Each structure stands twice: as structure tokens, then as C-alpha cells.
Amino acid sequence: MIAAAAFYLFAAILIASAVMVVTARNPVHSVLFLILAFFNAAALFLIAGAEFLAMILVIVYVGAVAVLFLFVVMMLDIDFARLREGFQRYAPIGAIVGGILFLELVLVLGAWTFADQAEALRIAPTPPSPVTNTEALGLLLYTDYIYLFQAAGLILLVAMIGAIVLTLRGRPAMRRQNIAVQIARSGSVAAEKVPVGAGIRELGIRRPPPPEETRRLAEPAHGEADHGERH
Amino acid sequence: MAWTLALPELVLALCGLAILLIGVLPKRDTFFPMAMAVTGSLLLAAVLVLGQQEGVALNGLYVADSFSSFMKVLALIGAALGLLLALDYNTRERLNRFEYPVLVLFATLGMMVMISANDLMSVYLGLELLSLPLYVMAAFDRDAGRSAEAGLKYFVLGALASGLLLYGASLVYGFAGTTNFDRLAAAFAAQEGVSPGVVVGLVFVMAGLAFKISAVPFHMWTPDVYEGAPTPVTAFFAAAPKVAALALLARVLLGPFADLAAQWQQVVVLISIASMLLGAFAAIGQRNLKRLMAYSSIGHVGYALMGLAVVSDVGLRGLIVYIAIYVFMNIGAFAVLVAMRRSGRAVEQVEDLAGLGRTDPAMALWMAVFMFSMAGIPPLAGFFGKLYVFLAAVQGGYWTLAVIGVLTSVVAAYYYLRIVKVMYFDQPPEAALERAPPSLSVVMATTGLFNLAFCLFPAPMLAAAGIAAAALLG
């Protein structure tokens with residue numbers, strides 16, 4: 001009874017927020033409603049007993065994908081009102097395509113049967129009930145197919161190394177603290193005595209020497225530092 | 001589950017991760033120490049492979065037998081030699097980033113996974129683990145347009161080949177109900193006919209693997225990628241990955257699909273003949289040595305596949321011996337190519353070798369040895385490689401294959417001997433080629449001596465190849 005009530009509650013909110021995703025004028029609101037829709041879908045999965053899927057939905061879709069969407073929407077200046085201009089004109093064709101799809105889905109679902117031997121032929125059958133589905137997936141992934149899992153991990157690592165090798169360049173313009181240059185400079189900085197308590201109103205602001213002068217002083221040391229970095 | 005069976009792979013992977021970790025830290029140039037560490041890791045893995053037990057492990061995904069041991073040791077030696085070729089070249093061309101040896105290591109790990117694959121899923125993951133570092137290495141000279149083009153071309157076509165392989169694997173899984181090699185073999189042995197879906201899947205899988213060994217008609221990428229990639233990378237491409245891909249092809253065809261030999265044999269015969277013909281005729285007009293070697297490698301793959309097309313233990317032994325000798329010929333020839341420099345710049349035309357016999361007799365001698373060996377002139381190793389595959393073809397009654405093989409090797413001898421002629425009889429240009437650095441001289445001498453001395457001591461390798469072939473054919 002409570003489960004049924006919860007199902008209808010979550011389902012109603014899911015559909016309502018899905019409608020809001022499409023109709024909201026502000027794209028940021030759309031993405032926020034999308035996040036709400038994901039959360040409600042996760043709750044529906046929980047009710048159906050698929051807790052792993054529910055958590056993955058929250059972690060992957062809400063945690064990564066939706067936040068990414070949010071970033072993209074905020075960073076790109078897309079004029080959504082303009083994008084929607086043709087909506088009225090294309091609505092009938094869209095409705096026809098949607099209707100055909102719906103009809104086909106109904107036909108497929110009506111005629112769909114499992115093959116007789118499909119149950120027996122599965123390589124990894126669903127384990128009996130005390131094993132939760134997170135545990136069952138973990139068993140498959142980390143016990144039966146640990147070899148493939150690790151190999152896939154190495155492939156991703158290689159992809160990462162490859163991306164870095166092919167794109168990363170040492171940036172010569174970047175300013176880094178170079179302690180050797182800093183210490184070597186000490187002789188060039190003139191220490192001078194100023195009257196104590198006079199204040200800058202009388203003495204004026206002392207500025208450092210212009211940059212050309214400092215660069216000339218630091219040049220030999222810089223050349224070496226660049227050389228080391230490039231390797 | 002005896003995961004310790006996969007100890008060589010585990011150790012190599014951990015070494016790779018450790019080297020990556022250590023190489024990142026210092027700001028200094030760590031190319032040379034890291035390359036040495038990787039070479040050490042590869043040799044350590046080879047020793048572990050030699051001491052490996054036999055069996056199937058890791059939920060039937062991994063198999064270790066004499067065949068896998070032989071091929072893995074060969075691939076590891078090929079990879080280590082290929083890495084040695086890069087030491088001097090990469091430093092001079094400012095490609096001395098420490099990621100290069102790390103990529104070589106992970107590519108080699110991919111080869112080991114492929115060679116030990118006992119499941120279509122391991123096949124695919126091994127293939128990807130091999131291919132991904134190769135794509136990156138082809139584009140390693142990222143500021144050179146040619147290298148970037150080679151990398152991109154290889155990546156796009158390689159992705160297509162992976163797609164074909166996956167599609168074929170999914171068809172096989174759909175129609176046979178399993179991806180495990182042992183169960184596939186049992187399923188095909190039990191049933192009478194074979195469903196067309198499996199045959200179509202098998203052809204797609206073969207197409208994907210034929211791409212990796214650059215057999216005709218999946219060879220289109222080879223000349224461009226070989227020419228564009230930095231020379232040591234080309235040397236690496238031409239040796240170790242071919243061993244792994246040929247071993248995998250042999251294992252897939254003679255393992256799970258052994259009972260479908262009637263289906264795949266004609267395809268292999270066709271691929272073999274086409275590769276031999278193309279390798280012989282297309283290389284004649286080439287002036288660029290790297291392109292020439294690309295066509296030559298296509299031809300060599302054709303000869304090696306002849307051993308597979310015969311479907312017998314003698315044929316398989318011929319294939320194993322051929323690919324082993326091919327690795328040593330090829331690495332040696334590429335050592336000469338990598339060493340070719342004139343006034344500080346790498347050169348790669350055939351004419352650049354002119355007069356080498358007078359200016360650098362040692363290098364010219366080794367190059368002549370490799371060229372004669374590739375042409376299959378009797379006392380050298382290359383002759384024995386060809387001998388055993390032709391012998392298998394004749395014994396099996398495949399006269400067409402044998403005759404085409406002999407004729408194409410006569411044609412191919414033309415361009416190998418032309419190189420020898422250019423070295424010894426043409427006038428040297430004003431500026432002679434620079435002396436080869438010690439690392440390359442060592443590789444040339446080692447592989448050259450192997451080619452020279454093989455005729456004196458062929459027994460150990462033949463015996464090992466025989467045992468490996470017997471292990472695969474069961």
C-alpha cells in the first residue's frame with residue numbers, strides 16, 4: 001500500500017518534472033528539473049528493487065552528467081527563445097513521427113516473447129535472492145571477469161597517457177618561482193635607509209626597477225630553467 | 001582460480017605503473033633510465049614466461065601453453081630490441097619523453113594478453129591495449145605533419161578494424177552462445193553443419209585481425225603509417241605486434257574454429273596469395289626505404305600465412321619459425337634505417353645508402369646480410385623461414401601456394417638486391433652517412449649474427465617451434 005502510494009508519488013513528480021524540462025523558458029531551470037527527474041527515476045528503481053541502478057543513476061547522471069549540462073548551459077550563450085521559433089511549424093510533423101514510434105512500440109511490446117532457452121543459456125544467471133544485485137554485479141565484475149576489468153583499466157590509463165603525450169606542452173610564458181634567481185638577485189637590490197616614521201606622504205612610493213632591467217639580470221638562469229623543463 | 005598463472009602479465013603491468021610513477025616525478029630528462037627500466041621489465045617478463053606453468057586460468061579467459069610461451073618470448077624480445085632502436089634516435093630528434101618506453105611496455109602487455117587470450121573478450125581487450133599505444137606512438141612526433149597524419153590515419157582505420165572484429169565476435173556469440181574458446185570448440189565439434197551466422201562472424205573476426213597484420217586487402221594503411229611514423233616506431237610496428245597478431249590469428253583459427261577449417265581455409269589461402277603478390281610487385285617502384293619495408297612486411301606476412309593456410313602441424317611450425325626469423329631480420333634492417341643520418345638529419349631514401357660499402361663497411365655488411373636474408377638466399381636465416389613454409393605447402397599438396405611463393409620471392413629479391421647494389425656499386429655522395437651509435441651497432445650485430453648463424457644451429461628453434469605447434473593443435 002505504502003509502496004504503491006510512493007510509486008505513484010514519484011512517478012507523478014517524475015512526469016511533471018520531465019514536462020517542465022521541455023517547457024521551462026529558462027535553460028537553467030530545465031537542467032534543475034532534469035536533476036529532479038533523475039532523482040525520482042532513481043527512487044522508482046529503488047522501489048523496483050534495483051538499488052545498484054538507483055545509486056548509479058544518482059552518482060553518474062546527477063553527479064556528473066547533469067552538472068556538466070549545467071556548466072554548458074551557463075557557459076554557452078544560447079538563445080533558447082530563438083531555437084524554439086519554429087516549434088509551432090514543426091509540431092504536426094513531430095506529432096506524426098511520435099505517433100508512429102508509439103504505435104511501433106505498442107506492436108513490439110505486444111508481440112514480444114522470450115526465447116524458450118534464453119533463461120538456461122545465460123552465461124551469468126541471476127543469483128538466488130539473498131545476494132543483492134550490487135553484490136551480484138560485483139561478483140561478476142571483480143571476481144569472474146577481474147582480468148578483463150583490469151585490462152580495461154589499463155586501456156583507459158594508456159588513453160590518458162596518450163592524450164597527455166600528444167597535447168601537453170611546457171608553457172614558457174608561465175611564471176614560476178625560481179629560487180635560484182631570487183637569491184642571486186639579492187646583490188642587485190639596493191637596501192637604503194629611510195627616515196623612520198616619515199610616512200609615504202613625504203617620501204613618495206618607491207617602485208621596483210622597470211621589468212627590462214630585472215629580465216636582463218635574470219636571463220642566464222632563466223635559459224637553464226627552460227631547458228630543464230622541456231624534457 | 002589460479003591467478004598466479006598470469007604472473008608475467010601482472011609483473012609487467014606493475015612494472016609499467018611503477019615506471020610511470022617514477023618517471024613523472026623528476027623534472028630532469030628521464031628518457032634513458034626509464035627506457036632501461038622498461039627493457040629490464042620486458043626481459044624479466046620473458047624470464048617469468050619461460051618459467052610459467054601451463055593451464056587455463058582467470059575464469060577461462062587466460063591460457064598459458066607452449067605456444068603462448070614461445071610467442072610471448074618472441075614478442076618481448078622484439079619489443080625490447082625495438083625500444084633499443086629508439087634510444088639514440090629519439091634523443092636526437094627531441095622525442096625523448098619518458099612516456100615512449102611506458103607506451104612500449106603497455107603495448108607489449110597488450111600483445112601478451114592477445115597471445116594468451118582464451119576468450120573473444122580477452123582478444124578484443126588485448127587488441128585495444130596493443131593498438132592504443134601504437135596510435136599514440138605513430139603520432140609521437142606531434143609537431144611533424146607526417147607523423148600526426150600517420151597517427152590519425154592509423155587511429156581511424158584501426159577503429160574501423162576493431163569495429164569489424166567486435167561485430168564478428170558479437171555474431172559468433174549470438175549464434176554459438178558463448179565467447180569462450182574451449183566451449184566454442186566443443187560446440188562446433190558437437191554439431192553437424194555450421195550456421196551461416198557463425199561463418200559471417202568468423203570472417204569479420206578474421207578481417208579485424210588481418211588488419212593488424214596488414215595482410216592484403218586490409219593493408220592500405222601500412223605504407224602511409226610506416227612512412228609517416230618516426231623510424232624507431234616503424235621498426236616497433238613491423239616486429240612485435242605482427243608476432244602477437246599472427247599468434248592470435250593462429251590461435252583463433254586453429255583453436256575454437258578448428259572444425260570450421262573448410263570455411264576459413266580458402267580465405268587464408270586468398271589473403272596469403274594476395275599479400276605475397278602485392279608485397280613483391282608494389283615494392284619495386286619504391287624509393288623510400290620505409291615504404292619499401294612496409295610492402296616487404298606485407299609480403300612476409302603472406303609467406304607466414306601460407307603456413308596457416310596449409311592447416312597442419314608442419315604448416316604451423318613453419319609459420320612459427322618464419323615469424324621468429326622475420327622479427328630478427330626486420331629489427332636488424334630497421335636498425336640500419338634508424339642509423340641513417342646525414343649531417344645531423346635522418347634520411348630514408350634508397351639513394352642515401354649509395355656507397356655505404358666504402359664509407360661504412362660494417363653497417364653495409366649487416367644491411368647486406370639482412371637484405372639477402374629477406375630475399376631468402378640460402379645460407380641465411382630467411383631462407384630457412386621460407387623453406388619450412390614452402391615445404392609444408394608442398395607436403396600438404398598446395399602446389400599453387402608454393403609455386404606462387406617461390407615466384408614472388410624471386411620478384412622480391414630484385415628490390416632487396418637493388419639495395420645491396422646501391423650500397424656497393426653506386427658512387428657515394430659528398431657527405432657520407434654518420435657512424436651508427438653504439439646501441440644500434442649492437443642491435444645490428446646481434447640480429448646479423450642470428451641471421452648468419454641460424455643455419456649452424458637451427459635445431460633448438462625448430463624443436464621449440466615444433467612443441468609450440470603441437471601445443472596449439474592439441
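Small disclaimer: the values here were computed from a predicted structure and weren't measured. First the proteins, then the strands, lettered A, B, ... as listed; each starts at 1.
Atom-to-atom distance recorded for Ser122(B):OG and Tyr145(A):OH is 9.5 Å, nearest 0.5 angstrom. For the atom pair Leu166(A) CG and Met137(B) CE, the distance stands at 11.5 Å (nearest 0.5 Å). To the nearest 0.5 Å, atom CG of residue Asp144(A) and atom CG of residue Leu58(B) are 11.0 Å apart. Interatomic distance, CG of Leu154(A) versus CG of Leu109(B), reported as 6.0 Å (0.5 Å rounding).
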Exercise. Hey, mind stepping through Arg169(A) and Arg142(B) against side chain to side chain contact (heavy atoms under 4.5 Å, CB included) and telling me if it holds?
Worked result: CA-CA 11 Å; Arg169(A) 289 169 196 278; Arg142(B) 59 190 181 183; 3.4 Å; yes

For this session: Decide side chain to side chain contact (heavy atoms under 4.5 Å, CB included) for Asn59(B) and Ile146(A); before the verdict, give the C-alpha distance in whole Å, the side-chain angles of both, and the deciding distance to 0.1 Å.
Result: CA-CA 9 Å; Asn59(B) 200 28; Ile146(A) 179 72; over 6 Å; no

Problem set entry | Residues Tyr100(B), Val165(A); criterion side chain to side chain contact (heavy atoms under 4.5 Å, CB included); working and verdict | CA-CA 9 Å; Tyr100(B) 185 88; Val165(A) 165; over 6 Å; no

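For Asp143(B), the part sitting under 4.5 Å from any heavy atom of chain A is the side chain, from C-beta outward, and nothing else. Contact of Leu10(B) with chain A is not made at all, since no heavy-atom distance falls under 4.5 Å. With a threshold of 4.5 angstrom between heavy atoms, Ile161(A) approaches chain B through side-chain atoms but not through N, CA, C or O. With a 4.5 Å cut-off on non-hydrogen atoms, Leu168(A) touches chain B through its backbone but not through its side chain.
Under a cut-off of 6.0 angstrom, the local environment of CZ in Phe155(B) is sparse, with at most 12 non-hydrogen atoms contributed by other residues, nucleotides or ligands. Counting non-hydrogen atoms of neighbouring residues, nucleotides and ligands closer than 6.0 angstrom, the CG atom of Leu156(A) exceeds 12 such neighbours. Within 6.0 Å of CD in Gln53(B) there are 12 or fewer heavy atoms belonging to other residues, nucleotides or ligands. In Phe188(B), the CZ atom is crowded: over 12 heavy atoms of neighbouring residues, nucleotides or ligands sit closer than 6.0 Å. Annotation for Tyr61(A): atom OH does not count as buried by contact number, only 12 or fewer foreign heavy atoms lying within 6.0 Å.
When all heavy atoms are compared, the tightest approach of Leu125(B) to Ile155(A) is O-CD1, 3.4 Å. Among all heavy-atom pairs drawn from Leu132(B) and Ala159(A), the shortest one is CD2-CB, 3.7 Å.
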